[in-house]
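What follows is a set of notes on a single structure, which appears directly below.
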2 protein chains.
Amino acid sequence: MRPRLTDVAEAAGVSMKTVSNVVNGAEHVREETRQRVLAAIDKLGYRPNIAARNLAQGRSGVIALAVPQLDRPYFASLAARMLDEAESFGWIVQFHQTGGRREAELALLTERHPARLDGIVMSPLGLTAEDVQNRDPSLPLVLLGEKAGTEHHADHVGIDNREAGKVATEHLLELGRRHVMALAPGPRMDDERINGYRDALAAAGLQTDEDIVLATGGLRGQDAERTLGEWLDSGHPAPDAVFAATDWLAMGAIRALVLRGLRVPQDVAVVGFDDIPYDLATLPTLTTVAPDRVAIARLALQALRDQRPGSDPKRLQAPFSLVVRESTTGIG
Amino acid sequence: MRPRLTDVAEAAGVSMKTVSNVVNGAEHVREETRQRVLAAIDKLGYRPNIAARNLAQGRSGVIALAVPQLDRPYFASLAARMLDEAESFGWIVQFHQTGGRREAELALLTERHPARLDGIVMSPLGLTAEDVQNRDPSLPLVLLGEKAGTEHHADHVGIDNREAGKVATEHLLELGRRHVMALAPGPRMDDERINGYRDALAAAGLQTDEDIVLATGGLRGQDAERTLGEWLDSGHPAPDAVFAATDWLAMGAIRALVLRGLRVPQDVAVVGFDDIPYDLATLPTLTTVAPDRVAIARLALQALRDQRPGSDPKRLQAPFSLVVRESTTGIG
DNA sequence: CTCAGGACTTACAGCGCTGTAATGCAGCGC
DNA sequence: GCGCTGCATTACAGCGCTGTAAGTCCTGAG
């Protein structure tokens with residue numbers, strides 16, 4: 001049988017509660033007592049029973065992490081880091097896949113969960129600002145990512161997309177490219193990443209040509225491949241660089257370019273965004289904006305832990321970096 | 001306050017235990033009583049408290065899923081399906097990343113977990129057969145994947161790698177290729193996937209040339225790129241097809257080929273293995289063996305649930321299919 | 001030397017649920 | 001009409017922990 005608190009208490013010659021205090025790092029335990037208790041814990045191999053602790057505390061020790069799809073590399077790598085960090089917060093992470101559908105996201109916020117959750121970290125796609133506003137305020141919520149509007153009504157962790165878009169575009173300009181296309185899912189072309197792109201052009205004294213800010217109409221590589229392909233096929237001159245709002249779009253763009261005989265990066269340099277892990281196995285490997293996922297995870301969990309019902313939403317920013325690879329500087 | 005079992009009992013005019021029986025679908029409850037209880041549950045919006053149930057039952061409702069890295073697309077997509085299936089089994093899935101390190105994998109099996117686990121599903125890399133054999137038999141364990149040896153001492157779910165390797169190679173042979181190279185992490189060249197490759201060659205009346213069964217020495221794309229690159233650079237004639245034991249190796253191989261002016265698939269057709277999700281954004285998209293991940297997840301969880309200490313290890317096989325894409329049949 | 005007050009420790013109830021044993025109550029055979 | 005059987009239901013202890021209130025012991029000021 002697994003040792004319990006009482007067993008340790010008996011072995012150490014103290015009360016159950018004192019052992020509990022030691023385990024939970026409470027103050028007001030004499031050093032000598034603590035040592036005796038720790039020795040007993042060690043000797044018996046005691047580990048606390050989480051179910052009992054949660055029952056007594058009225059919490060579950062479980063938080064939910066909701067992403068559109070776990071098998072999308074961006075979310076997988078984010079989830080991986082979230083997992084690492086949650087461990088040090090003492091949380092078990094329950095994963096959910098929403099498919100980006102509003103009803104699935106909403107269900108998580110409103111539904112009574114079989115296991116009461118201590119909080120939710122969600123990367124929303126379908127959720128509206130009202131949905132977030134009308135949620136149960138007793139269930140801590142932290143939002144990730146870039147779904148405009150929602151972030152005003154709950155704690156939010158992200159990176160400075162505008163600045164990142166600017167840095168990515170500046171990299172292209174520094175390589176001497178002057179005819180830089182932007183590719184985003186759109187049609188909402190007010191995306192912050194694209195605004196950063198505009199900032200960079202403006203700062204370089206160039207005028208933004210809104211005709212080469214293309215909306216792909218979707219997030220998949222194929223969407224970018226089709227959009228850019230049609231654009232090229234209709235006789236437009238090829239750009240000498242492409243800034244894509246996500247890595248998938250960048251990869252799709254590279255397909256469209258290469259299939260038409262253009263060389264990347266010699267003819268067209270391409271920058272992506274997200275740094276999804278593909279193990280440097282694509283050709284060419286992708287220059288991209290890499291969000292600091294460890295920081296995102298840590299900030300999100302801290303915010304979740306420290307959230308109090310009724311307090312004002314916090315907006316937190318994690319750092320990012322530009323990772324330069326073959327798609328802008330070439331091979332070798 | 002959240003309604004409890006007693007609240008429902010009071011509302012329905014029965015005992016707490018009867019409500020419990022209804023909730024848990026027990027027999028011996030009169031239909032009329034059941035209806036009354038269900039109405040009360042519905043009216044109060046009752047949901048069971050998992051922490052309390054687990055405490056009373058001595059289980060935790062949590063299983064662990066351990067994979068080397070969650071941000072590797074293969075494991076991410078497997079984890080995604082595992083999550084879907086676990087829901088219908090009433091399990092919360094606790095994810096773990098082992099990095100493929102034996103000590104991390106072993107720790108999961110031997111360590112006392114803060115939350116007692118109801119079972120572990122693990123994709124082992126470092127674990128030895130002895131480690132598996134000497135584990136705590138009271139903790140149900142199901143192994144996934146292809147770490148030879150371990151599967152004899154615990155329930156195991158996989159696909160028929162040999163048959164799959166054969167099917168993949170046959171596809172290359174059917175395209176008229178005759179000089180088919182095999183690429184595997186090695187140096188253990190008894191890999192079942194490669195044996196399937198040998199089977200296919202033998203069935204076609206071709207002799208296996210063990211000189212073109214190359215060991216990459218690692219799982220990453222770079223490993224395959226370097227291995228194949230060096231082989232080509234040292235003057236060997238290029239094969240007209242490559243069967244790679246994983247998609248990453250296939251992608252690395254494609255890099256090595258294309259960077260040397262060979263066209264895929266015109267000069268060299270390439271088949272991978274695993275069907276990791278890259279959204280059809282690579283160029284060319286990869287022909288590959290796609291394991292049925294839903295089946296794998298379901299079989300694994302069923303096995304976990306039905307496992308009894310001391311019973312003989314079961315070996316379960318999930319189906320697979322060959323997905324034909326550009327890397328063998330070309331573009332368009 | 002006394003006593004207030006802080007440091008440390010303990011006893012005990014109770015978190016919400018389930019398992020077990022016990023009880024109630026028909027219907028049945030004799 | 002009695003005991004028996006088996007279904008339906010109940011009472012209650014207890015899962016292992018933590019919060020609270022109530023101690024006990026010691027120190028230093030008066």
Side-chain angles (χ1 to χ4, degrees), chain A residues 1-41 44-62 90 92 112-118 138, chain B residues 1-41 44-62 90 92 112-118 138:
Chain A
M1 218 44 237
R2 240 179 145 196
R4 297 156 304 165
L5 218 40
T6 36
D7 301 326
V8 178
E10 195 175 342
V14 296
S15 81
M16 190 172 58
K17 183 64 204 193
T18 295
V19 181
S20 166
N21 285 338
V22 170
V23 171
N24 293 288
E27 323 158 12
H28 298 328
V29 178
R30 214 187 321 151
E31 189 50 33
E32 186 255 336
T33 312
R34 174 197 305 283
Q35 290 309 329
R36 203 145 36 93
V37 170
L38 287 177
I41 286 176
L44 298 180
Y46 168 80
R47 300 286 143 145
N49 177 315
I50 303 290
R53 174 181 288 171
N54 288 338
L55 177 61
Q57 287 188 150
R59 15 169 290 153
S60 63
V62 177
I92 289 177
R112 287 195 173 76
H113 304 275
R116 173 143 187 96
L117 296 174
D118 291 346
S138 71
Chain B
M1 218 42 236
R2 241 180 144 192
R4 296 156 305 166
L5 218 40
T6 37
D7 301 326
V8 178
E10 196 176 340
V14 297
S15 81
M16 188 172 58
K17 183 64 202 191
T18 296
V19 181
S20 166
N21 286 338
V22 169
V23 170
N24 294 289
E27 322 157 12
H28 298 327
V29 179
R30 213 187 322 151
E31 188 50 32
E32 187 257 335
T33 312
R34 173 196 306 282
Q35 290 309 329
R36 203 145 37 94
V37 170
L38 287 177
I41 286 176
L44 298 179
Y46 168 80
R47 300 286 143 146
N49 177 316
I50 303 292
R53 172 181 291 170
N54 288 339
L55 177 61
Q57 287 187 152
R59 20 169 289 153
S60 63
V62 178
I92 291 176
R112 287 198 173 75
H113 303 275
R116 174 146 186 92
L117 295 175
D118 292 345
S138 71

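All chains are named by letter (A, B, ...) in the order of the sequence lines, taking the proteins before the strands, and each is independently numbered beginning at 1.
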Quiz item: Any side-chain heavy atom of B:Arg36 within less than 4.5 Å of one from B:Thr18?
Solution: no
Practice problem: Using whole Å, report how far CG of A:Asp7 lies from C1' of D:dC17. | Solution: 13 Å
Quiz item: So what does A:Asn54 hit on the nucleic acid, given a heavy-atom distance under 4.0 Å: a base, only sugar-phosphate, or nothing?
Solution: nothing
Exercise. Identify the two heavy atoms, one from A:Leu55 and one from B:Leu55, that lie closest to each other, and give their separation to 0.1 Å.
Key: CD2-CD2, 3.0 Å
Quiz item: Any side-chain heavy atom of A:Asn24 within less than 4.5 Å of one from A:Arg53?
Solution: yes
Quiz prompt | Interatomic distance where NZ belongs to B:Lys17 and P belongs to C:dG16 [whole Å] | solution = 17 Å
Quiz prompt | Protein-nucleotide distance (B:Arg2, atom CZ; C:dC15, atom C1'), rounded to Å | solution = 13 Å
Quiz item: Roughly how bent is the helix from C:dC1-D:dG30 to C:dC30-D:dG1 end to end, in steps of 10 degrees, with each end axis from five pairs?
Solution: 50°
Self-check item: Selected nucleotide, minimal atom distance to A:Gln57 side chain, candidates C:dC17, D:dG19, D:dA11
Solution: D:dG19
Self-check item: Side chain A:Asn54, main chain A:Ala51, donor-acceptor under 3.5 Å
Solution: no
Quiz item: Of the nucleotides C:dG16, C:dA11, D:dA13, which one has an atom closest to the side chain of B:Met16?
Solution: D:dA13
Quiz item: Do you know the tightest heavy-atom contact between A:Ala9 and A:Ser15?
Solution: CB-C, 3.6 Å
Quiz prompt | Under-4.0 Å side-chain N/O to phosphate OP1/OP2 contact, B:Ser20 with C:dT18 | solution = yes
Quiz item: Should we count CD of A:Glu10 as having more than 12 external heavy atoms under 6.0 Å?
Solution: no
Quiz item: Taking DNA chain C as the partner, which of residues 28-37 of chain A come within under 4.0 angstrom of it by heavy atom?
Solution: A:His28, A:Val29, A:Arg30, A:Thr33
Quiz item: Taking all atoms of both residues into account, what is the closest heavy-atom pair of B:Leu38 and B:Val22, and its distance?
Solution: CD2-CG1, 3.8 Å
Quiz prompt | d(CG, B:Leu5; P, C:dG19) in whole Å | solution = 12 Å
Quiz item: So, do B:Arg4 and B:Met16 sit near enough that their side-chain heavy atoms are less than 4.5 Å apart?
Solution: no
Quiz item: Of all the choices, D:dG16, D:dT10, C:dT18, which nucleotide is nearest to the side chain of A:Leu55 once you look at every atom?
Solution: D:dG16
Quiz prompt | Residue B:Thr18, side-chain atoms from C-beta onward, closest of D:dT10, C:dC17, D:dG16 | solution = D:dT10
Quiz prompt | A:Asn21 CG - D:dT20 P separation (whole Å) | solution = 12 Å
Quiz prompt | Atom of A:Val23, atom of A:Pro48 and distance for their closest heavy-atom approach | solution = CG1-CG, 4.5 Å
Self-check item: Side-chain N,O (A:Arg53) to OP1/OP2 (D:dC17) below 4.0 Å
Solution: no
Quiz prompt | Phosphate-side-chain proximity, B:Asn49 and C:dC15, N/O vs OP1/OP2 below 4.0 Å | solution = no
